[in-house]
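See structure below.
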Number of protein chains: 4
Amino acid sequence: MEYFFYDDYSEGAHPKILEALSCSNLEQERGYGEDTISTQAIKLIKQKIGNPNVAIHFVSSGMQANVITLISMLRHHESVITPETAHINLDEAGAIEAGGHKINAVQTPNGKLTSADIEDVLARNSGEHKVKPRVVAVAQATEWGTIYSKEELQALSNCCKKNNLYFYIDGARLGSALTAKNADITLLELSQLADAFYIGGTKNGALLGEAIVVSNPELQKDFRYHIKQRGALLAKGRVLGIQFAELFKDDLFFDLARHANVMAERLKEAISIKGFSFLSDSTTNQIFPILPNTHIEKLKKDYGFHPYGFNPWPKAEITEDTSAIRLVTSWATTEEAVNTFIADFNNLT
Amino acid sequence: MEYFFYDDYSEGAHPKILEALSCSNLEQERGYGEDTISTQAIKLIKQKIGNPNVAIHFVSSGMQANVITLISMLRHHESVITPETAHINLDEAGAIEAGGHKINAVQTPNGKLTSADIEDVLARNSGEHKVKPRVVAVAQATEWGTIYSKEELQALSNCCKKNNLYFYIDGARLGSALTAKNADITLLELSQLADAFYIGGTKNGALLGEAIVVSNPELQKDFRYHIKQRGALLAKGRVLGIQFAELFKDDLFFDLARHANVMAERLKEAISIKGFSFLSDSTTNQIFPILPNTHIEKLKKDYGFHPYGFNPWPKAEITEDTSAIRLVTSWATTEEAVNTFIADFNNLT
Amino acid sequence: MEYFFYDDYSEGAHPKILEALSCSNLEQERGYGEDTISTQAIKLIKQKIGNPNVAIHFVSSGMQANVITLISMLRHHESVITPETAHINLDEAGAIEAGGHKINAVQTPNGKLTSADIEDVLARNSGEHKVKPRVVAVAQATEWGTIYSKEELQALSNCCKKNNLYFYIDGARLGSALTAKNADITLLELSQLADAFYIGGTKNGALLGEAIVVSNPELQKDFRYHIKQRGALLAKGRVLGIQFAELFKDDLFFDLARHANVMAERLKEAISIKGFSFLSDSTTNQIFPILPNTHIEKLKKDYGFHPYGFNPWPKAEITEDTSAIRLVTSWATTEEAVNTFIADFNNLT
Amino acid sequence: MEYFFYDDYSEGAHPKILEALSCSNLEQERGYGEDTISTQAIKLIKQKIGNPNVAIHFVSSGMQANVITLISMLRHHESVITPETAHINLDEAGAIEAGGHKINAVQTPNGKLTSADIEDVLARNSGEHKVKPRVVAVAQATEWGTIYSKEELQALSNCCKKNNLYFYIDGARLGSALTAKNADITLLELSQLADAFYIGGTKNGALLGEAIVVSNPELQKDFRYHIKQRGALLAKGRVLGIQFAELFKDDLFFDLARHANVMAERLKEAISIKGFSFLSDSTTNQIFPILPNTHIEKLKKDYGFHPYGFNPWPKAEITEDTSAIRLVTSWATTEEAVNTFIADFNNLT
């Protein structure tokens with residue numbers, strides 16, 4: 001039977017989360033996130049961050065977190081600077097633009113943005129014939145599986161402050177980034193460097209749910225209006241709160257992410273040993289090996305995975321004979337599946 | 001301890017639904033609603049409707065269902081005709097307008113729209129200085145707890161067809177409407193009269209989830225683009241599919257709704273017997289009794305409920321001494337709670 | 001031959017304006033409103049206002065002035081409070097909503113808004129399930145030809161300040177309002193009471209052009225972005241500057257408006273004397289007499305005019321036998337035309 | 001005194017146009033473009049095109065023409081494919097995005113789009129996680145002063161038809177393109193290849209005004225709604241009609257454009273002879289010579305011009321010592337000015 005390395009949302013939720021949903025199921029609670037469990041979850045996350053001054057809101061999907069938070073930051077004439085490969089630019093069906101805002105997409109060699117990129121966009125967008133850049137958005141981990149170092153995020157944050165830009169971090173895979181072997185930044189530091197970011201639950205053990213963390217006080221005001229207006233204020237908000245309470249009451253959130261990383265690292269090592277290279281030096285739960293097309297065809301019989309960037313296969317072609325694929329592990333990836341994949345991979349000829 | 005008659009989303013999900021979530025939890029499935037269980041749920045709902053030609057999509061909230069379906073129907077210059085009291089007009093934070101469209105809100109005596117209302121809006125909106133009405137949207141059940149008869153819906157549908165308007169039905173509480181004692185319309189007939197409607201799950205036993213039913217073939221094309229662009233395409237779409245499969249594999253959906261109606265009816269009878277009147281002749285799970293303010297103050301000690309229309313209390317004032325309140329029952333309302341309420345009510349002096 | 005009382009834009013421009021366009025025609029100037037003549041026009045208007053701290057921008061149409069200024073005031077979740085009969089609500093093709101914002105339209109007996117209306121909208125729109133009102137917009141003169149007194153505008157302004165709302169005045173017919181016989185407010189006072197307003201040129205002698213006056217410093221920043229983004233930054237901005245320089249270098253703007261008012265007043269008197277009443281007590285250049293349908297049919301042979309509110313004729317019906325019509329005079333209305341109309345009117349039987 | 005080669009809108013209108021405005025000035029006409037002169041102008045343009053089936057509408061600016069026509073073509077989930085250097089992408093303050101639509105901007109070597117570019121965008125944008133490309137927009141002449149040949153436009157048109165895309169041509173400088181020495185396409189052919197395009201007046205002798213030509217019948221319906229909703233339906237629409245009637249009653253439109261091209265060509269020859277190269281092989285009224293910075297500094301004392309692309313000077317740097325500038329001629333550029341520039345240029349050392 002086929003095993004999926006398609007993504008980190010192929011399974012349901014971590015069993016503890018399902019259990020937690022059952023436990024409080026028939027207790028009556030207020031709607032729209034004003035229940036006692038969501039309140040408790042927010043308290044737990046603030047403690048884990050170590051910053052009592054942030055505001056926290058739960059929404060259902062990473063895309064909702066992105067759109068709502070960015071829209072809340074923008075006046076009509078303002079825009080978002082982000083790498084060309086960003087999820088908000090390529091994979092959200094034009095939602096930012098549907099919300100009325102241009103994205104200043106920057107071509108970058110590795111999916112990571114630098115202060116020089118920001119300065120360049122600002123230099124080329126001056127005066128009312130252009131949009132006015134107002135937010136810088138990056139993802140941690142990036143869409144290439146790499147992470148920004150603390151130093152890099154500090155530099156971006158400084159550049160934003162200097163230029164009166166908000167700094168936003170898409171944390172769909174933040175757990176994976178925080179527990180990567182080369183990670184050097186904490187939730188507390190993130191809350192100090194970014195005006196807002198989110199902690200992804202869907203891709204790290206929840207059924208669904210992301211926790212938006214708003215650090216900048218001027219953005220905290222009226223935030224729930226944007227959640228509601230974009231259709232993300234769930235009647236049974238408890239569903240999100242319960243899951244995050246479970247993820248953050250101990251260290252479940254981090255443990256699950258670490259497991260996904262370890263699984264990815266084992267795949268990466270096995271592929272590297274065979275002499276194959278990768279599109280990016282990922283240390284998180286997505287890896288992008290470049291393999292002979294013949295290998296890929298054989299692997300596809302037993303394993304599910306996407307070509308790089310969800311492009312049609314020819315586009316992921318690196319040379320005539322090789323292509324990049326994306327292998328994703330998750331909290332639910334079994335050691336057995338990884339072992340079997342490695343064994344099969346080693347047998348490829 | 002306080003018992004909530006605030007709304008129909010004070011509890012979690014029906015236990016069978018939680019069980020179903022657990023059963024398939026670790027099975028790997030494709031993302032974004034393309035899983036086998038969502039496919040199965042769609043098949044079950046089509047069978048229940050008895051119309052194989054509809055398209056069905058799951059989203060997380062009624063507001064998402066409303067916004068996505070209406071936006072999918074509209075070009076930039078077009079508008080929506082709806083009663084002034086409609087949820088999309090009063091309680092969705094201006095989402096339709098944020099999507100770029102004016103609502104032609106019609107003052108109606110009882111929250112229900114008529115063909116004459118539609119014709120009047122069309123007469124007053126002709127030519128390019130006005131918006132161009134393109135959709136008529138009504139709720140079944142209405143925000144006042146009443147329902148449209150088949151004859152009334154047929155008349156609205158005819159009027160729409162005659163005037164080249166789409167007809168859309170907000171079914172947040174469709175279960176309750178279909179099982180009301182005076183109900184005379186079937187899912188099949190709804191699918192024939194409306195271009196699109198949705199079947200509400202959140203308010204009828206699901207954790208979250210609504211099933212949008214698109215009958216009109218020209219609206220079926222590209223529908224998933226709108227779901228995605230509005231942030232409603234869940235990565236773990238299975239979460240919605242599993243719940244609807246459970247609701248529709250037998251008659252759970254209808255049984256739950258009927259229970260809510262019966263509970264509301266018992267409350268209504270008890271209040272009527274005491275000689276009090278109601279804002280509307282509701283036959284579904286929301287009732288709006290007009291009570292002496294002194295009664296209301298006493299009831300508030302033991303029961304949770306909203307003033308009519310979520311307005312601040314003075315606004316729900318009917319006379320100086322009486323106000324309207326909203327009592328909502330649900331699939332989870334216990335007979336015991338209803339009995340206790342009635343006993344307490346009868347003891348009020 | 002038919003004489004038009006349809007509107008105040010049936011002719012071209014005042015001859016002095018055409019002359020001014022010719023005079024500077026071949027001088028080279030910078031584009032986009034940064035020409036020397038626009039700069040001069042701005043200086044002249046500021047002098048006439050007597051407030052050097054306002055910012056002034058020229059756009060082509062009243063609708064552009066409305067949309068641009070309102071959009072510049074609003075974040076995504078915010079709305080505009082205005083009378084139901086306001087031009088921005090009824091006659092601008094849903095442009096505010098196309099820009100993403102709901103209009104809280106208030107039913108008023110005479111097209112004029114009061115502080116009580118504002119407070120009522122605020123009371124009914126509290127919390128994130130509603131939009132957040134942010135601007136109050138009224139027209140001076142109103143769409144019914146009446147004007148707000150200084151006291152009324154002061155009260156509205158106070159109410160806005162108290163509730164953190166911007167106050168905006170649509171001045172499509174501001175000239176007419178300022179020169180009405182019952183006018184008691186100056187441009188200076190307007191600039192102190194309103195956060196922004198505009199001085200209409202199109203309906204008062206210009207070929208096209210309105211001068212937006214922004215008093216509130218926080219709205220002055222970035223204003224040109226909104227002009228550009230809404231397509232209103234003319235390459236040959238001089239065209240607008242030249243006209244306003246001409247209108248404001250002496251008192252042409254006021255003289256033209258006064259003429260229009262006088263012409264309307266003469267019509268009004270003649271109709272009153274005959275015992276007919278009016279929809280509103282207009283003192284500006286639009287009057288709304290209620291006439292026997294037989295009179296209207298006869299007048300239509302020689303004169304062009306609209307039924308009240310541009311509605312199809314039956315809608316302007318007041319009783320079975322009478323209807324309201326709109327007669328509009330302008331800077332270009334000749335005394336001869338007015339005399340002839342009155343004579344013809346007096347001969348009606 | 002400084003002579004401007006900044007742009008083609010530094011002067012007013014051709015004297016014949018001012019004269020025409022005067023001639024009909026006091027005749028009463030209906031508003032909003034429904035006057036007799038606009039009707040006549042439309043008739044004249046249709047005759048010049050030779051295609052009676054197009055619909056023609058006048059708006060004030062090229063940006064309005066672009067935004068209105070593109071918005072009229074798009075449903076909410078659809079996008080526009082255009083070269084990265086397109087005016088709609090770089091120089092319209094994000095108006096298309098403010099209207100809700102993503103631009104798929106294509107990097108091209110010379111500002112011109114090819115069928116291969118379109119196919120590539122389509123290949124990378126498939127499925128609902130992406131926007132759905134719906135329109136291809138190019139400019140004739142391009143922002144680089146070059147023109148598409150008939151063969152090139154035919155290829156683009158074919159590619160659009162094959163892929164169910166609308167084809168739109170931004171004709172801000174269409175006159176210049178049609179009268180270029182290498183021009184090989186007619187207005188009739190344009191109306192057959194494109195679903196819509198516009199004929200620019202502002203940059204070719206009008207005070208302001210563009211004529212949108214809509215060929216595709218399905219786009220003709222409801223077009224005035226979009227003009228109105230975007231604030232471009234002028235009350236005194238006659239102002240636009242009068243100008244276009246004058247431009248098209250004889251061949252004034254073409255004569256003016258040809259003059260601009262000839263003036264540009266003389267500048268280009270003089271600069272070429274001196275051994276300098278150009279950013280593009282322009283045959284229209286904009287040329288982009290690459291000159292020593294020392295030359296540029298000297299020229300700036302007597303002549304007004306922009307660096308390439310309106311970028312701050314360093315960005316137009318080609319090498320350390322040379323930069324590209326933009327010289328624009330127009331209908332109003334005098335032979336004397338060109339002669340003087342050439343003489344001065346020849347004297348530079």
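Being a predicted model, the structure only gives us computed values, none of them experimental. Every chain is numbered from 1, with letters handed out A, B, ... down the list of sequences.
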Please answer whether the main-chain N or O of [Y] pairs with a side-chain N or O of [X] as donor and acceptor at a distance below 3.5 Å.
| X | Y | value |
| --- | --- | --- |
| C:Gln28 | D:Phe4 | yes |
| C:Asn25 | D:His14 | no |
| D:Arg230 | C:Gly231 | no |

[X], part contacting chain C, at a heavy-atom distance under 4.5 Å:
| X | answer |
| --- | --- |
| D:Val67 | neither |
| D:Arg30 | both |
| D:Leu234 | side chain |
| D:Ala65 | neither |
| D:Leu26 | both |

With a 4.5 angstrom heavy-atom cut-off, which part of C:Leu18 approaches chain D: side chain, backbone, both or neither?
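Side chain only.
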
Between C:Gly94 and D:Gln229, which heavy-atom pair has the shortest distance, and what is it?
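Here C:Gly94 and D:Gln229 meet closest at O-NE2, 3.7 Å.
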
Taking all atoms of both residues into account, what is the closest heavy-atom pair of D:Leu207 and C:Val239, and its distance?
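What the structure gives for the nearest pair is CD2-CG2, 3.6 Å.
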
At a heavy-atom distance under 4.5 Å, which candidate from [options] has the highest pair count against chain D?
| options | value |
| --- | --- |
| C:Ala332, C:Pro15, C:Ser22, C:Gly31 | C:Ser22 |
| C:Gln64, C:Glu29, C:Glu27, C:Glu97 | C:Glu29 |
| C:Ala235, C:Gly100, C:Ala95, C:Ser61 | C:Ala235 |

Mind checking the OH-CG spacing from D:Tyr9 to C:Asp35? Nearest 0.5 Å is all I need.
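Going from the OH atom of D:Tyr9 to the CG atom of C:Asp35 covers 12.5 Å.
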
Select, from D:Glu19, D:Lys236, D:His226, D:Met63, the one with the greatest count of heavy-atom pairs under 4.5 Å involving chain C.
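Of the options given, most contacts go to D:Lys236.
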
